[in-house]
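Below, all heavy atoms of this structure are taken into account, side chains as well, without hydrogens, waters or symmetry copies. Please read all numbers here as calculations on a predicted model, not as lab measurements.
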Amino acid sequence: MRILRAGLERLVFSAALLVILTGVAAAQKTLTVYAAASLTDAFHDLGKQFETSHPGTEVVFNFAGSQALVAQLQEGAGADVFASADSIWMQVAVDSGLAAGPEPFAHNLLVVIVPKNNPGRVDKLEDLGRPGIKLVLAADAVPAGRYSRMALRNIGAAPGFPPDYVHRVLANVVSNETSVKGVVAKVQLGEADAGIAYRSDVTPSVARVVKTITIPDNLNVLARYPIAVLKQSRQADLARGFVALVVSSEGQSVMQHYNFIPVGAPAPAMSH
């Protein structure tokens with residue numbers, strides 16, 4: 001009888017333990033966010049804040065060029081939120097039936113970056129067209145690459161620049177990177193004399209090894225970042241909560257801390 005009772009007790013204990021473990025597993029949720037590479041630092045910060053306010057939730061990020069993220073989503077990759085570095089790739093996601101109701105949440109500006117020791121002696125925008133300069137840009141399909149080429153056309157049309165300035169500069173491109181982080185890495189490693197990246201990419205750690213050349217506001221390009229919940233999301237409520245955090249005043253403060261321009265802030269005067 002004692003053996004039977006002990007067996008029943010073990011069975012009851014095992015069943016109770018299974019219920020507890022199942023409840024714990026059910027409480028653990030994963031929110032997957034696909035975001036443009038330039039958002040890496042800011043979104044890691046926001047992800048930690050979101051996990052703190054949503055116990056049992058883990059925020060998992062996939063950072064890459066916006067064009068690569070859309071391609072992954074079109075191929076069936078599972079995610080809950082998409083944040084793009086431009087409206088073009090967000091519109092592709094919307095047109096593909098992947099996302100709906102995108103909201104703007106940040107702006108960004110471009111800067112030229114050069115290694116701290118400046119082996120190419122690139123000190124001003126004119127120097128980008130000097131023969132022999134090794135320039136790295138993001139590929140044209142990448143938002144940062146498209147913005148960079150737009151800015152170069154603006155610069156080339158400004159008084160004092162030669163009529164073939166854009167041609168000269170593009171002839172110096174030695175690598176077209178799949179994300180803006182690739183541009184920053186090449187310049188950091190001294191594999192390029194110069195690159196064009198976002199202002200937000202010049203983090204304190206990056207600033208230790210590179211210096212920047214400002215592109216005047218009237219020649220620069222304002223990058224616009226939208227965010228949306230993906231239709232395939234299995235955590236739609238959490239996804240909406242994350243988007244709400246990003247566009248909230250708290251989220252906008254984080255974006256500003258990482259050198260983005262909050263949506264509500266006055267934007268610099270652009271030339272177009």
Side-chain angles (χ1 to χ4, degrees), residues 31-55 57-66 69 80-87 90 102-113 116 138 142-144 147-148 151 179-185 187-188 195-217 220-229 238-270:
L31 182 73
T32 303
V33 178
Y34 275 34
S38 52
L39 296 166
T40 300
D41 293 328
F43 268 34
H44 271 311
D45 193 334
L46 288 169
K48 290 176 183 175
Q49 291 188 29
F50 192 78
E51 288 175 344
T52 299
S53 61
H54 294 76
T57 298
E58 179 186 13
V59 182
V60 176
F61 291 104
N62 178 21
F63 295 107
S66 299
L69 296 173
D80 302 293
V81 176
F82 173 48
S84 175
D86 70 1
S87 57
M90 177 59 77
E103 298 182 59
F105 70 94
H107 295 143
N108 214 341
L109 290 169
L110 300 170
V111 293
V112 175
I113 58 174
K116 207 79 165 183
V142 183
Y147 291 137
S148 296
S179 78
V180 70
K181 290 299 184 186
V183 175
V184 176
V187 176
Q188 281 182 289
I196 300 180
Y198 294 119
R199 185 179 68 173
S200 62
D201 290 309
V202 187
T203 61
S205 61
V206 172
R208 285 197 290 269
V209 292
V210 309
K211 63 179 185 177
T212 63
I213 299 171
T214 300
I215 300 174
D217 287 348
N220 214 324
V221 175
L222 189 69
R224 293 174 168 84
Y225 288 65
I227 189 169
V229 174
L238 286 175
R240 284 190 288 270
F242 184 81
V243 170
L245 171 62
V246 173
V247 302
S248 70
S249 58
E250 182 182 4
Q252 293 294 287
S253 294
V254 171
M255 299 306 298
Q256 188 170 24
H257 174 75
Y258 286 97
N259 287 326
F260 289 87
I261 302 171
V263 167
M270 300 286 108

Do [X] and [Y] have their ring centres less than 6.0 Å from each other?
X	Y	result
F105	F260	no
H44	F63	yes
F43	F50	no

Taking every non-hydrogen atom, the tightest pair across [X] and [Y]:
X	Y	answer
L69	A36	CD1-N, 3.8 Å
D217	L109	OD1-CD1, 4.2 Å
A42	Y258	CA-CD1, 3.6 Å
V142	S179	CG1-CA, 4.2 Å

Indicate yes or no: at least one non-hydrogen side-chain atom of [X] is less than 4.5 angstrom from one of [Y].
X	Y	answer
L245	E250	yes
R199	L110	no
P102	M90	yes
V180	I196	no
V112	I215	yes
V60	L31	no
K116	R208	no
S87	R224	no

(request) Apply side chain to side chain contact (heavy atoms under 4.5 Å, CB included) to the pair I261 and Q256, showing each step before the final yes or no. (result) CA-CA 6 Å; I261 302 171; Q256 188 170 24; over 6 Å; no
(message) Suppose we screen for salt bridge (charged side-chain N to carboxylate O under 4.0 Å, His left out). Which residues come up paired with D41, at least two apart in sequence or across chains?
(response)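 Counting only residues at least two positions away or on another chain, D41 forms no salt bridge (charged side-chain N to carboxylate O under 4.0 Å, His left out).
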(request) Would you please say whether a donor-acceptor pair under 3.5 Å links the side chains of Y34 and S84? (result)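 No, because no side-chain N or O of Y34 sits under 3.5 Å from a partner of the opposite role on S84.
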(request) Using modelled atom types only, decide if a donor and an acceptor are shared between the side chain of D80 and the backbone of T32 within a distance under 3.5 Å. (result)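 Side chain of D80 to backbone of T32, a donor-acceptor pair under 3.5 Å: yes, one is there.
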(request) Begin with the C-alpha distance, continue with both residues' side-chain angles, and end with the deciding distance and a verdict on side chain to side chain contact (heavy atoms under 4.5 Å, CB included) for N220 and V111. (result) CA-CA 9 Å; N220 214 324; V111 293; 5.8 Å; no
(message) Quick test of your reading of the model: are D201 and K181 salt-bridged, counting only N-O distances below 4.0 Å?
(response)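 Salt bridge flag = yes for K181 with D201.
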(message) Could you go through V254 and Q49, starting from their C-alpha distance and side-chain angles, then the distance that decides it, and tell me whether this counts as side chain to side chain contact (heavy atoms under 4.5 Å, CB included)?
(response) CA-CA 10 Å; V254 171; Q49 291 188 29; 3.4 Å; yes
(request) Quick one: do L46 and V246 satisfy side chain to side chain contact (heavy atoms under 4.5 Å, CB included)? Show the steps, please. (result) CA-CA 7 Å; L46 288 169; V246 173; 4.0 Å; yes
(request) Check step by step if side chain to side chain donor-acceptor pair (under 3.5 Å) holds for S38 and Y225. (result) CA-CA 10 Å; S38 52; Y225 288 65; 2.8 Å; yes
